[in-house]
Each structure stands twice: as C-alpha cells, then as structure tokens.
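Below is one structure, written out as structure tokens; comments come after it.
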There are 2 protein chains.
Amino acid sequence: MHKLSGISTKLQQDIKLAATKQNQHKRTRSDHATELTEDYVEAISEIIADAGVCRAVDLAQKFQVSHVTVNRTVGRLQRDGYVTTEPYAPIELTSVGTRLAKASQERHQLVLEFLLALGVSNATAITDSEGIEHHVSPETLRVMQKFIDSQK
Amino acid sequence: MHKLSGISTKLQQDIKLAATKQNQHKRTRSDHATELTEDYVEAISEIIADAGVCRAVDLAQKFQVSHVTVNRTVGRLQRDGYVTTEPYAPIELTSVGTRLAKASQERHQLVLEFLLALGVSNATAITDSEGIEHHVSPETLRVMQKFIDSQK
DNA sequence: ACAAAAATGTAGCACAGGCTAATATTGGCG
DNA sequence: CGCCAATATTAGCCTGTGCTACATTTTTGT
Ligand SMILES: [Mn+2]
Ligand SMILES: [Mn+2]
Ligand SMILES: [Mn+2]
Ligand SMILES: [Mn+2]
C-alpha cells in the first residue's frame, strides 16, 4: 500500500482548478510548468540515494540535455526553493524539494505499477508512466491504487 | 471498437524512440512539442463540426489564452502544414491536419472512455484525459481498449 | 449608409528551456 | 608539485508560448 499523504498539497490546488470546464487547459498548462520541476527533484533524490551526491553532469546524462541547460534549470529550482547550490558544489534538496521528490516518486511508482497491473509491458510502462504521471489527479490515483489492489 | 489505424504514423516513431532507456525523457519532450499541435487541430476540427467555421476567437475561448497567442500558434501550425489561413478568414485544416485531428480525437476518446470504465468520475476523466492522451503509446492504447471491451 | 462592436493583426515585451563556444575551477595523479 | 581531465560557469544565441497595448479590418444593427 502506498502512502499518498505527501501528494496532497499541490494536487489539492489542482482539484480547485479542475472545478470548472474553463480551466481544463489551464490545468494542463499548469501541470506542464511543474513537470520539469518534479522530474528534476525526483532525479536529484534518486541520484543522491544512488551515488551519495548529485552533480550537474549526472542530471545532464539522465535527461540527455547539455550541462548548461541543467545549470539554468537548477538555477530556477533554487530560485523557487527546491534546491540549494553553491559554485562547484553538489546539488542538494531543500526540505520542500525533498518532500516534492518523495511525493513525485510515490505517484510515479503508483502509475508505473498500475500500467504493469493493467498488462502493459515493462519497457512501455516505464516510458509511458514518465509522461503520464504529471497529469493524473488524486482521484484517478486512488482509482489506480484500487485497481492494483484488486489484481492481487 | 475504435479504429486506431490513423494513429500509427507518429506513434510508430515513438516506438523507435522508446527503444532505449536513454530516450525516455527525449520522448516525453517530443510528446510535449506535438501536444499543443494535437490539441489545436482537434479543437479546430470540433469547432468546424459544431459551428461551421473556426475563428481565432473560438480557439482563444477554448484554450483560455489571448487571441494573439492563438494567432501565433496558428501561424506555426500553418508553417508546419496543418492549417491554412488567410487574413480575416476562418481557419481551415489541411488534409494532414484533418488526419492528425481524427487520430487525436480517437486517441483522446479512447483514453477518456478508459478512465470512465476504470471508475473515474466524469469531470475528472475529462480533465485527466486532456493531459494524459499525449503520453500514451500505441501498446498502452491497445491495452486500454482491451480493458474497455472486457468491462462491457 | 455608417457607427459601433467584434474580430484580426502588429509591435514589443517576458520567461522557459534548448543549444554552442569559450572560460574558470576543482580534484586527482604521475 | 604541477598538470590534466572533469566539472562548472558565463556569454550569447534560438524557438515556443504566454502577455498588453494599439491599429486595422470586417460585420452587424439601426
Ligand atoms: Mn505533458
Ligand atoms: Mn517521474
Ligand atoms: Mn516525468
Ligand atoms: Mn490534450
């Protein structure tokens, strides 16, 4: 069973946003804005867990972008309070960043497990969950969790 | 039963892209690049079906953006061969645009029906399918279709 | 017919997120 | 120790996608 508690904060805003038909596309745009942030903090968290520290090159490797792009993106993450960096030092997560990373990991994992439970192949589930995870509302997450449980 | 034939072209490229682990995030980025295009041609097609013609204001209303943003976006669509426009005239789809619109509609509809069949509420299914649709590979679409059929 | 309203177009701005090239720093190794 | 490779920074570029303010054109209603 997954803990979904950490996911609630941002997604509760989403509930409000989704309330009216007008906001359909606004929510999708808002999802996109947070998507890179979520993927980055998730990756940073995993790299730190794996390798001890996270350097810009690791992220460049992971996301297949130049290290310059990573630098600028990490700059935005710092500006927005998700990470702290000092020149030439490894990237670290703030407590806010850590919380977002955990919530994103849980949600990502749940979507992945759901796709697998549905019968999607491993490779496809891994790829599709990467894009889908950011667009799944809490209600749908709960339904996915229920489906996973029912398959056991 | 849905016809999925029209979807195959772009998504077959995706299969190749998804082949290696390296390309995970590249595919997600590529999905994002085509996402607005898909939503626009889909909307244009629907507005034409509903109202006879599609004007920039209709799209501005639909996507909740300014008409200037619509203008620039439609300009890119024209550049890329999906629509034709003349000053002060309604927007029309090229045959390529029409084909993409049909394929996107089918895929969107399938994802929506899948979420409903799963047990997600109408409002949430409508909102979530809007974001999810662009990140679902052909394999997952087939699995979703199978699930829908099995629920009948 | 013509004024007002609606629609469209244009200019100019901002920010996100890509890039290459050139420069600077750090850390490890011979 | 000093040099080299790895890493990070900076400068400067691009495209996409959003905006406001203002100008123009078309449509509509009396
Ligand atoms: Mn997306
Ligand atoms: Mn993720
Ligand atoms: Mn992702
Ligand atoms: Mn969509």
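Convention: sequence-line order gives letters A, B, ...; per-chain numbering from 1.
Contacts between residues 67-78 of chain A and DNA chain C, counted as heavy-atom distances below 4.0 Å, involve Val68(A), Thr69(A), Arg72(A), Arg76(A). Only Arg55(B), Ala56(B), listed by number, bring a heavy atom of residues 47-56 of chain B to less than 4.0 angstrom from any atom of DNA chain C.
Straight-line distance from the OH atom of Tyr82(A) to the C1' atom of dA16(C): 15 Å, rounded to whole Å. Note: NE2 (His25(B)) to C1' (dG17(C)) measures 15 Å, nearest angstrom. One can place CD of Glu38(B) at 16 Å from P of dG16(D), the figure rounded to the nearest angstrom. One can place CG of Leu59(A) at 16 Å from C1' of dG18(C), the figure rounded to the nearest angstrom. The distance from atom NE2 of His32(A) to atom P of dG18(C) is 12 Å, rounded to the nearest whole Å. When the C1' atom of dA16(C) is taken as reference, atom CG of Leu36(A) falls 9 Å away, rounded to whole Å. One interatomic measurement links the two molecules: CG of Asp58(B) to C1' of dA6(C), which rounds to 12 Å at whole-angstrom precision. Atom pair Phe63(A):CZ and dC19(C):P shows a separation of 13 Å (rounding to whole Å applied).
Between Phe63(A) and Tyr40(A), the ring planes are parallel. Angles under 30° get that label, and only those over 60° would be called perpendicular.
The side-chain heavy atoms of Thr73(A) and Arg76(A), taken from C-beta on, include a pair separated by under 4.5 Å. A heavy-atom distance below 4.5 Å is not found between the side chains of Glu133(B) and Glu35(B). At a threshold of 4.5 Å between non-hydrogen side-chain atoms, the residues Glu113(B) and Met144(B) do not count as touching.
Between the side chains of Thr124(B) and Glu139(A), at least one donor-acceptor pair of N or O atoms lies under 3.5 Å. Between Gln78(B) and Thr85(B), the side chains place a donor N or O and an acceptor N or O closer than 3.5 Å (distance only, hydrogens not considered).
Between Val65(A) and Tyr88(A), the residue anchored closer to the 5' end of DNA chain C is Val65(A), taking for each the nucleotide with the nearest heavy atom. Between Glu86(A) and Tyr40(B), the residue anchored nearer the 5' end of DNA chain D, judged by the nucleotide with its closest heavy atom, is Glu86(A). Mapping Arg29(A) and Pro90(A) onto DNA chain D by nearest heavy atom places Pro90(A) at the nucleotide closer to the 5' end.
The listed nucleotides are dC19(D), dG18(D), dT26(D); the one nearest the side chain of Ser66(B) is dC19(D).
Across all non-hydrogen atoms, the minimal contact from Thr94(B) to Gly81(B) is OG1-O, 2.7 Å. Nearest heavy atoms, Ser129(A) versus His108(A): OG-NE2, 3.2 Å. Between Leu93(B) and Ala101(B), the shortest heavy-atom distance links the atoms CD1-CB, 4.3 Å.
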